[in-house]
Amino acid sequence: MNIGPMRELGGVFDRVADAYDAGRPSYPDEMYRAVCELTGVELDGAMTVDVGAGTGILTRALRARGSQVIAVDPGAGMLARLLARAGGGGQPPLAAVQGDGNALPVADGVADLVTYGQSWHWLDPAASIAEARRVLRPRGAIVGCWNLHHAAQARWLADYEARLAEEVPAYWGPAVEEWAVPPIAAAFEVIEERWIPWTRLVGIEDFLLDLRSHSYMAALSPEAADALVERQRAELRREFPEGLLSVPMRVYLAVGR
Ligand SMILES: C[S@@+](CC[C@H](N)C(=O)[O-])C[C@H]1O[C@@H](n2cnc3c(N)ncnc32)[C@H](O)[C@@H]1O
């Protein structure tokens, strides 16, 4: 395997892998029910290729529901955490492979599902879908999902996002007027889309770890990132002295067959 380019691809998230692992939320149960309903694939007994698996947030949930998983990611640091948290006996088989979603290191026609948990926007839109089709069995399906802040549902969250938009040059999110979900729907022939609302109860410190795990934060100098987190912490503590946040979230789920 050509490790040089893999290191480059994986580099952004490897720098924030600890924060990613500790701070990012998992997906709500309802999303997995919707995946089964929309794809017609039962997770129990399925074979899933999880592309851009990262530290394994989606991989772990798929295995807990009975799916074997081949987890693919260019980031060695992210995959190391995925393996460390994989758990042991009684679970379906897991393979973790350092690789590129645009050239999957997976044989033709082996998968019931190819999943992209917050990752498809990092890939080439045409090459990645061609690769997903290649590794899928005839009745298999492609699943893209993104766990997003629903900023329009809470003033404090809209203000938090607005502060990020002002202060972080690479910020891309709901406070940017032209922000939109990645155009995965346009890349499929047959597509079903669903928005799944849910609420995340989280302490301020874990919420700030989540902030640190975003690629736009990894692009800042450590000093600038620390200063920004400190300003957000002060604001959130002022608004929520008890230290607990109720964060309106929504998952954007897109399924192609
Ligand atoms: C935002 S994380 C998503 C992690 C996880 N799937 C989740 O649900 O939280 C995006 C992941 O995509 C990976 N990635 C970036 N470029 C990629 C590529 N060309 N092929 C596969 N994965 C890639 C990154 O290394 C990172 O782990």
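Counting starts at 1 for both ligands and their atoms, following the listed order.
Note that the CE atom of Met78 and the CG atom of Asp21 stand 8.0 Å from one another [nearest 0.5 Å]. How far CG of Asp226 is from CE of Met217: 8.5 Å, rounded to the nearest 0.5 Å. Within the model, atoms CH2 of Trp146 and CD1 of Ile184 stand 4.0 Å from one another, a figure rounded to the nearest 0.5 Å.
Between Tyr32 and Tyr27, the two ring planes are perpendicular [angle over 60°; tilted spans 30° to 60°]. Aromatic ring orientation, Phe240 versus Trp156: perpendicular (interplanar angle above 60°, classes split at 30° and 60°). The aromatic rings of Tyr216 and His214 sit parallel, their planes meeting at an angle under 30°, below the 60° perpendicular limit.
Ligand-side atoms of ligand 1 in range of Gly117: 3 (C), 4 (C), 5 (C), 6 (N), 7 (C), 8 (O), range being under 4.0 angstrom from any heavy atom. Listed by atom number, the atoms of ligand 1 under 4.0 Å from Leu123 heavy atoms are 17 (C), 18 (C), 19 (N), 20 (N), 21 (C). Close approach of ligand 1 to Asp100 (heavy-atom distance below 4.0 Å) involves ligand atoms 18 (C), 19 (N), 20 (N). For ligand 1 and Gly54, the ligand atoms under 4.0 Å from any heavy atom of the residue are 4 (C), 27 (O). Heavy-atom contacts of Tyr27 reach the following atoms of ligand 1: 7 (C), 8 (O), 9 (O) (cutoff under 4.0 Å). Taking every heavy atom of Asp73 and a limit of under 4.0 angstrom, the matching atoms of ligand 1 come to 11 (C), 12 (O), 13 (C), 24 (C), 25 (O), 26 (C), 27 (O).
Between the choices Gly101, Ser119, Ala127, the shortest heavy-atom distance to atom 21 (C) of ligand 1 belongs to Gly101. Among Pro74, Ala17, Ser128, the residue whose heavy atom lies nearest to atom 23 (C) of ligand 1 is Pro74.
Within the 4.0 Å heavy-atom cutoff, Tyr116 does not count among the residues contacting ligand 1.
Residue Ala53 touches ligand 1 through its backbone alone, judged by heavy-atom distances below 4.0 Å.
Considering backbone and side-chain N/O atoms, Arg24 never comes within less than 3.5 Å of an N/O atom of ligand 1. In terms of N/O distances under 3.5 Å, ligand 1 is not approached by Ile57. For Gly52, a nitrogen or oxygen atom sits less than 3.5 Å from a nitrogen or oxygen atom of ligand 1, counting backbone and side chain alike. Taking only nitrogen or oxygen atoms, main chain and side chain alike, Tyr20 reaches within less than 3.5 Å of ligand 1.
No donor-acceptor pair closer than 3.5 Å links the side chain of Arg237 to the backbone N or O of Gly243.
With respect to the salt-bridge test (charged N to carboxylate O, under 4.0 angstrom), the residues Arg60 and Asp50 do not qualify.
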- Message: Quick one, Arg24 with Gln118, criterion side-chain contact (heavy atoms from CB on, under 4.5 Å). Give me CA distance, side-chain angles, the key distance, then yes/no.
- Response: CA-CA 11 Å; Arg24 290 276 182 127; Gln118 337 238 118; 3.3 Å; yes
